[in-house]
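Accompanying notes for the structure given below.
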Amino acid sequence: MTEQQKIINIAVIAHVDAGKSTLVDAFLKQSGVFRDNEEVADCVMDSDAIERERGITIYSKNCAIMHNGVKINIVDTPGHADFSSEVERIMKTVDTVILLVDSSEGPMPQTRFVLSKALEQGLNPILFINKIDKKDARIDEVVDEVYELFMDLDANDEQLDFPILYGVARQGIAVTDPHELDGVDWTGGGEKLKHTPEGYAGFDIKPLFDTIIEHCEPYPDLRDEPLQFQVSNLAYDDYIGRLGIGRVTKGTISEGEQITVARDNGQVENAKIGQVFIYRGLSRVPVKTAECGDIVAVSGISDITIGETICDKDHPDPMEMIQIEPPTLTMNFMVNTSPFAGKVGKFVTSRHIRERLAKELEVNVGLKVEETDSTDTFKVSGRGELHLSILIENMRREGYELAVSKPEVIYSRDESGAKTEPVEEVIISVPDQYCGTIISELNQRKGMMLHMASENNGYSRLEYHVPTRGLLGYRSQFINDTHGEGTMETRFFDYEPYKGEIPGRGNGVAIAIEEGSCTPYAIFNIQERVQMFVEPGTRVYEGMIVGMNSREGDMEVNPCKAKRVSNQRAAGSDDTIKLTPPRVFSLEEALEFIADDELVEVTPDDIRLRKKLLHELDRRRAGRWEDRS
């Protein structure tokens with residue numbers, strides 16, 4: 001038998017914006033994956049359109065490089081807490097993880113989560129302190145904080161003896177001692193230093209490559225044992241259908257091989273492998289046979305799902321199912337029933353929405369979809385607002401029209417039957433002058449302060465536990481309260497006893513009373529009491545929300561009212577109308593803003609806010625029923 005190829009699988013894990021995808025850029029660039037003259041985008045692994053627009057990683061993705069005869073499979077993972085299900089399921093496929101920590105921020109909420117998942121699998125991490133070129137870098141303190149985090153998570157002695165590297169992923173640099181970079185000019189000769197993933201000032205990423213190979217033993221030779229391969233990720237190809245992705249734990253897997261599939265319900269079924277793919281650079285390459293230790297993708301099993309095990313046909317040996325934490329937020333996806341429904345979208349019926357949600361469930365394991373009493377409404381649950389809004393945004397871009405309700409938290413019951421609710425761990429960095437405002441707001445939202453510390457740069461760091469309910473709709477207010485200078489990071493913490501009532505949005509809304517086009521004359525007269533969401537020329541309909549009232553309570557307005565025509569006119573009087581620019585909502589902001597009796601109407605071209613009951617008479621009747629009950 002030929003000698004087995006040496007294979008090491010690694011995952012790059014960190015909090016959002018710590019530099020994971022940038023580090024993978026340096027790996028790929030310095031391993032010779034790209035031609036010298038090839039045009040390469042920044043964060044090349046973030047291939048999805050929304051990932052590029054928002055600058056975040058949403059889906060775990062694979063690539064592979066060669067170094068000193070060893071194949072290193074790299075998994076780039078999301079850092080945002082809403083996509084943590086992407087991180088949870090790939091931990092079984094890797095031999096070690098590179099934990100990135102910002103040299104200034106230190107460990108953040110999601111750092112604790114991703115590290116805990118790695119330690120639970122018995123992995124021995126490598127610590128990479130990134131962005132040590134920052135002026136406010138505090139390298140020694142951050143290393144101490146990481147040690148404390150490891151001890152809090154009950155790391156064993158071997159896991160605590162982790163190697164530490166320091167560097168700047170953006171420039172493709174890694175060193176074992178930060179003082180090696182003391183003389184480096186990070187200004188780039190006075191101008192802003194460009195992204196140079198191929199290295200800078202004579203330094204490169206090679207020390208990190210060498211550390212991976214020294215720190216981690218290549219996968220053992222288990223080719224003679226019966227096949228065992230657990231699916232940890234899914235992909236879809238328009239030509240060959242669904243692909244199951246994971247590591248071959250034992251044996252080998254071949255094209256056209258007869259196998260058995262151990263299902264998540266305990267049953268075992270016979271099936272046949274179609275094609276087998278391995279990763280080379282960024283490409284998925286078809287091969288006849290793949291060996292144990294390698295991360296592969298297989299086709300031919302149309303209904304394979306995450307956690308199921310592909311085994312030798314004569315030796316079914318299922319692995320333990322991958323456990324994913326349950327959803328914490330839910331909202332209703334409904335058929336769009338507004339007067340403007342179907343004018344733009346291609347997919348507008350309940351059948352279209354049901355099929356699209358079923359397709360999403362095939363690859364999005366953190367999602368849950370349930371039927372409701374109404375055939376036009378689906379209850380969709382996820383890990384957070386961003387998790388659900390990314391799905392809605394993708395549907396919108398694909399031509400779907402739908403209406404969605406306000407996100408609601410999913411309550412639970414403890415062993416004694418008492419009501420419990422999800423609580424988030426919140427870390428806030430905010431200028432000192434806004435501290436009082438933020439503390440007051442979080443206290444009203446039933447938050448509990450855990451820690452408060454003053455930082456050297458005039459900022460304060462606040463750590464809180466806040467009910468998820470209290471954070472719904474708060475992010476945009478936080479940005480306003482801190483004038484855009486504060487940062488807020490959140491992570492699901494645990495279920496705790498119900499915290500009681502939390503006050504909702506204090507202001508009412510302005511509701512259009514007729515269908516038509518908005519006029520400058522009408523908006524000018526309304527804007528004295530209302531922050532407008534529409535501008536002249538916008539088409540509106542009865543029941544559509546056109547602005548936010550300056551007081552409590554909703555107000556009916558007519559933004560389509562035209563100026564009465566007469567034969568008398570003051571010269572130039574219409575030219576003096578000054579209109580305040582309208583507030584424009586992103587999808588997340590719209591979901592945060594709406595109240596329980598309101599919906600967000602989502603179409604490929606527009607995001608509108610509306611009342612669930614469009615007619616004023618219906619809303620009054622519903623209000624009377626609420627008062628009686």
Side-chain angles (χ1 to χ4, degrees), residues 16 21 41 43-61 76-87 89 233-238 241-243 245 305-306 324 327-336 341-342 344-370 376-407 584-592 594 599-609:
V16 67
S21 298
C43 297
V44 67
M45 293 287 280
D46 289 343
S47 52
D48 184 76
I50 297 180
E51 288 180 321
R52 290 212 164 279
E53 287 174 19
R54 299 181 182 226
I56 59 173
T57 302
I58 296 172
Y59 309 105
S60 292
K61 288 178 283 296
D76 184 21
T77 64
H80 203 287
D82 285 23
F83 308 109
S84 51
S85 60
E86 297 277 329
V87 181
R89 63 178 189 241
N233 209 345
L234 297 172
Y236 189 82
D237 187 285
D238 290 336
R242 188 188 288 199
L243 298 170
I245 303 170
T305 190
I306 286 168
I324 302 295
T328 57
L329 272 187
T330 185
M331 62 170 65
N332 289 330
F333 284 33
M334 294 167 265
V335 172
N336 185 15
V344 180
K346 292 187 290 184
F347 309 110
V348 297
T349 67
S350 60
R351 178 178 62 84
H352 288 136
I353 296 173
R354 179 184 286 105
E355 289 174 355
R356 178 63 179 82
L357 292 175
K359 180 182 174 185
E360 186 69 22
L361 284 173
E362 293 182 355
V363 293
N364 195 338
V365 293
L367 202 70
K368 183 179 179 184
V369 178
E370 301 167 82
D376 291 344
T377 303
F378 305 91
K379 185 179 179 182
V380 182
S381 307
R383 295 290 282 268
E385 279 181 292
L386 187 61
H387 185 201
L388 294 169
S389 69
I390 292 290
L391 168 60
I392 299 167
E393 181 66 29
N394 276 321
M395 291 176 68
R396 184 169 87 91
R397 294 180 183 210
E398 292 164 17
Y400 287 82
E401 274 192 24
L402 68 158
V404 293
S405 67
K406 180 181 176 65
V584 179
F585 286 93
S586 68
L587 181 57
E588 283 90 1
E589 289 168 345
L591 293 173
E592 287 180 351
I594 58 173
L599 301 173
V600 179
E601 178 188 350
V602 182
T603 74
D605 291 350
D606 297 292
I607 294 171
R608 304 185 187 97
L609 309 182

So, taking the atom named [atom1] in [X] and the one named [atom2] in [Y], what distance separates them when rounded to the nearest 0.5 Å?
{"X": "L243", "Y": "L234", "atom1": "CG", "atom2": "CG", "value": "9.0 Å"}
{"X": "L587", "Y": "I390", "atom1": "CG", "atom2": "CD1", "value": "8.5 Å"}
{"X": "E398", "Y": "E393", "atom1": "CD", "atom2": "CD", "value": "10.5 Å"}
{"X": "D606", "Y": "R396", "atom1": "CG", "atom2": "CZ", "value": "8.5 Å"}
{"X": "S586", "Y": "L591", "atom1": "OG", "atom2": "CG", "value": "8.5 Å"}
{"X": "E589", "Y": "E592", "atom1": "CD", "atom2": "CD", "value": "7.0 Å"}

Q.
I'd like to know whether the aromatic ring centres of F333 and F378 sit less than 6.0 Å apart in this structure.
A.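 No, they do not, as the ring centres are separated by 6.0 Å or more.
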Q: Using a strict cut-off of less than 4.0 Å between a Lys/Arg side-chain nitrogen and an Asp/Glu carboxylate oxygen, indicate whether E355 and K359 qualify as a salt bridge.
A: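 No, this pair does not count.
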With side chains defined as the heavy atoms from C-beta onward, is the minimum distance between [X] and [Y] less than 4.5 Å?
{"X": "I392", "Y": "M331", "answer": "yes"}
{"X": "I594", "Y": "L599", "answer": "no"}
{"X": "R242", "Y": "T305", "answer": "yes"}
{"X": "P604", "Y": "K346", "answer": "no"}
{"X": "D376", "Y": "M334", "answer": "no"}
{"X": "K368", "Y": "T330", "answer": "no"}

Q) Is the backbone N or O of N336 less than 3.5 Å from a side-chain atom of E401, with the two atoms forming a donor-acceptor pair by type? A) no
Q. Does the pair Y400 and R356 meet the rule for a side-chain contact (heavy atoms from CB on, under 4.5 Å), with working shown?
A. CA-CA 9 Å; Y400 287 82; R356 178 63 179 82; 3.4 Å; yes
Nearest atoms (heavy-atom pairs only) where [X] meets [Y]:
{"X": "N332", "Y": "K379", "value": "OD1-CA, 3.8 Å"}
{"X": "H352", "Y": "V348", "value": "ND1-N, 3.4 Å"}
{"X": "L367", "Y": "L391", "value": "CD2-CD2, 3.8 Å"}
{"X": "R383", "Y": "T328", "value": "O-OG1, 3.4 Å"}
{"X": "S381", "Y": "L388", "value": "C-CD2, 4.0 Å"}

Q: Could you list the residues that satisfy side-chain contact (heavy atoms from CB on, under 4.5 Å) with V584, not counting sequence neighbours?
A: none
